[in-house]
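Here's the structure we're looking at; comments come further down.
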Amino acid sequence: MRALLSGYYGKGNGGDEALLATLLQMLPPDVTPVVLSGNPEETRDRYNVETHNRMAVLPVLQALRSCDALIWGGGSLIQDVTSIISPFYYGGLMSLAQNLGLKTVAWAQGIGPLVRPQTRLLARQTFKNCTKVSVRDRASAALLAEWQIPCIIAPDPVWALESKPVPGLWDLPAPRIAVTLRSHPQLTAARLANLTRALVDFQKATQAFILLLPFQKSEDLSIAQAIQPQLPDVSQILCLEDPQLLKGVFRGVEMAIGMRLHSLIMAAAEGCRCFALSYDPKVNRLMEELAIPGWDLTTLPDDSNLIGKTWMEHYANGDPLSPDQIQSLVDRALMHRELLSEALS
C-alpha cells in the first residue's frame, strides 16, 4: 500500500517536522509513504522517502492517483484564524482523495478555531467522509461529537517520538534552561523587552546557561538573536533541523520556557519543568490538561521583576511530570499508531 502524507511539512517548523517524523515512525511497515513537502529535496534526504512539491498541482494529482490512502498528518491544519487558505488547501485535497476512492485518515488533528461558516461546512463534510479520525485534544473531540463524527482522542503523537542525544550538549555549562519564543503580533516589542529583562535577572539568580532554541528559523531566529547579546557568555543559540535531536535537547535541560506547543510537549516528555507563554488556544489547552503554569501573552505582567520571580519560584519548587505520568501519555499517544494500523489494513 502507498499512502500520501499531507501536512505543513518542509517549511522549517520543528513541531510539524516532529509530527512527520512520528507519523513515519508509526506507519505500518508494509505501507510506503509518499510525502507532500514545501521542500521536497530536504524532506527526501532527511527521511529517505518519495516526495513531491505540495503546491505543484500536476505532481500532487499524479501522487494522489498513485496512492491507496491519504493521511492528514497532524497538527492545526484545519483552522481559519492564521490562514483562510489552509482549510481550503487541506480540505480540498481530502475531498479530492475521497472522490478518487482513497482511504482517508485525519490523524492527530487539532481542529479549529473555525470562525467562517464555509470553512466549518467544508471541515464537517471532509471529516465525516474519513475512514478514521484521531484528535489530540478535548475541544476537537467535542466539535466532532457535535457533528456526530466518531473519533479517538489521544495525546499529541510527539509524546511518543523517539529522541536522540545531542552531540556536545553535555559540554555546555549546567544547569541549563531552554527558551523557545516565536514572532507573533501578541509578542510586541514591549513584551519581548520585558521577557528579556526577566530572563537576564533569572539567569543571574540561577546561574543557569540559557539555550535559545529557534523551532522555525524564519519565525524564531531573529528573536533569539535579539536576546542573545543581553546574555553574553551565558547563552547559546542552538539551531537543530532534526526533530529527534530537537526533542533530545530537553534531556539535558532543567526547565523550559516556551511559546511553541511542541517545545512544551517535547520538554514535558523528557522530564523538564515547563513554563508556557501562550499565543494560541492549542497552548492554553495543553496548559489546562497538564497543569503547566504560564501566562497568555495578552495577560503577561508589565513588571519584569514579577516575571523573573515567578520563573525562579517554578525553577526552585515546580515539579516536572512524574515518570508514570509521562509513560501514560506516551502509551496513550500510541493510540494514533493503532488507528493507522486499523485504517490501512
Side-chain angles (χ1 to χ4, degrees), residues 14-15 18 155-156 158-161 163 165-166 169-170 172-182 194-215 220 224 227 231 234-236 238 240 243 245-280 282-297 299-301 304-330 333:
D156 190 290
V158 172
W159 284 98
L161 176 66
S163 61
V166 178
L169 178 65
W170 298 96
L172 296 173
R176 305 174 197 96
I177 309 287
V179 178
T180 303
L181 301 180
R182 56 156 292 166
N194 267 345
L195 288 170
T196 304
R197 279 193 292 273
L199 199 54
V200 170
D201 293 344
F202 178 54
Q203 189 283 322
K204 283 177 184 164
T206 58
Q207 291 296 295
F209 190 81
I210 307 297
L211 288 173
L212 299 162
L213 284 179
F215 258 56
D220 306 359
I227 294 171
L231 293 159
V234 292
S235 69
Q236 183 172 317
L238 203 54
L240 295 165
L245 287 175
L246 203 48
K247 193 178 184 190
V249 168
F250 296 100
R251 289 187 191 180
V253 164
E254 294 295 318
M255 177 170 149
I257 299 167
M259 278 178 71
R260 287 197 176 272
L261 176 76
H262 284 101
S263 72
L264 295 165
I265 289 172
M266 288 179 180
E270 295 295 335
C272 288
R273 299 171 189 82
C274 294
F275 194 96
L277 299 167
S278 178
Y279 69 97
D280 189 284
K282 65 188 178 187
V283 181
N284 291 79
R285 289 172 196 166
L286 185 75
M287 290 166 72
E288 247 173 64
E289 287 172 9
L290 298 184
I292 293 174
W295 289 293
D296 193 292
L297 279 177
T299 62
L300 185 74
S304 63
N305 287 327
L306 175 57
I307 297 171
K309 282 177 182 167
T310 306
W311 286 344
M312 281 181 252
E313 169 64 25
H314 187 55
Y315 178 76
N317 300 313
D319 290 316
L321 296 181
S322 71
D324 286 348
Q325 284 174 302
I326 294 168
Q327 192 57 54
S328 170
L329 285 155
V330 170

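To the nearest 0.5 Å, atom CG of residue L212 and atom OG1 of residue T180 are 8.5 Å apart. With values rounded to the nearest 0.5 angstrom, S235 atom OG is found 9.0 Å from L211 atom CG. Atoms SG and CD1, on C274 and I257 in that order, are 10.5 Å from each other to the nearest 0.5 Å. Annotation: the span from L231 atom CG to T196 atom OG1 amounts to 8.0 Å, rounded to 0.5 Å. Here CE of M312 is found 10.5 Å from CD of Q203. Values are rounded to the nearest 0.5 Å. Here the CG atom belonging to L238 is positioned 13.0 Å from the CD1 atom belonging to I210, to the nearest 0.5 angstrom.
Looking at F202 and M255, their side chains come closer than 4.5 Å, going by heavy atoms from C-beta outward. Residues N317 and Y315 fail the side-chain proximity criterion, which asks for heavy atoms closer than 4.5 Å. Contact of the H314 side chain with the P293 side chain is registered, since non-hydrogen atoms from C-beta on lie closer than 4.5 Å. The closest side-chain heavy-atom distance from I292 to F275 is not below 4.5 Å. You'll find the side chain of R176 stays beyond 4.5 Å of the side chain of F250, heavy atoms only. The side-chain heavy atoms of L329 and L321, taken from C-beta on, include a pair separated by under 4.5 Å. In this structure, the side chains of T310 and W295 come closer than 4.5 Å at one or more pairs of heavy atoms. At a threshold of 4.5 Å between non-hydrogen side-chain atoms, the residues L300 and L277 count as touching.
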Notebook entry, point to check: Under the side chain to side chain contact (heavy atoms under 4.5 Å, CB included) criterion, do M287 and S278 qualify, and how do the steps go?
Noted result: CA-CA 9 Å; M287 290 166 72; S278 178; 3.9 Å; yes
Item checked: Residue pair D280, L261: steps toward the side chain to side chain contact (heavy atoms under 4.5 Å, CB included) verdict -> CA-CA 9 Å; D280 189 284; L261 176 76; over 6 Å; no
Note to self: I'd like to know whether L172 forms a side chain to side chain contact (heavy atoms under 4.5 Å, CB included) with Q236, so could you lay out the CA-CA distance, the side-chain angles of the two residues, the decisive distance to 0.1 Å, and finally the verdict.
What the structure shows: CA-CA 9 Å; L172 296 173; Q236 183 172 317; 3.3 Å; yes
Notebook entry, point to check: Given V253 and F209, is the side chain to side chain contact (heavy atoms under 4.5 Å, CB included) satisfied, shown in steps?
Noted result: CA-CA 9 Å; V253 164; F209 190 81; over 6 Å; no
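For R182 and F215, the positive end is not near the middle of the six-membered ring at less than 6.0 Å and at most 45° from its axis.
Under a 3.5 Å cut-off, the side chain of E289 and the backbone N or O of L286 do not form any donor-acceptor pair. Distance alone, capped at 3.5 Å, places no donor-acceptor pair between the R273 side chain and the D319 backbone.
Nearest approach of P301 to L306, heavy atoms of both residues: CB-CD2, 3.8 Å. Between D156 and H262, the closest heavy-atom pair is OD2-NE2, 3.0 Å. Across all their heavy atoms, V249 and L169 have their closest contact at O-CD2, 3.4 Å. Of all the heavy atoms in K247 and A269, the pair that sits closest is CE-CB, 3.7 Å. Taking each heavy atom of S163 and R251 in turn, the nearest pair found is O-NH2, 2.9 Å. A pairwise comparison of heavy atoms in A178 and L213 identifies CB-CD1, 4.1 Å as the closest pair.
Taking E254 as the reference, nothing meets the side-chain hydrogen bond (donor to acceptor under 3.5 Å, both in side chains) condition, with sequence neighbours excluded. In terms of the side-chain hydrogen bond (donor to acceptor under 3.5 Å, both in side chains) criterion, residue partners of N194 (sequence neighbours excluded) are, by chain and number, R197.
Taking a cutoff of 4.0 Å between a charged side-chain nitrogen and a carboxylate oxygen, D220 and R260 qualify as a salt bridge.
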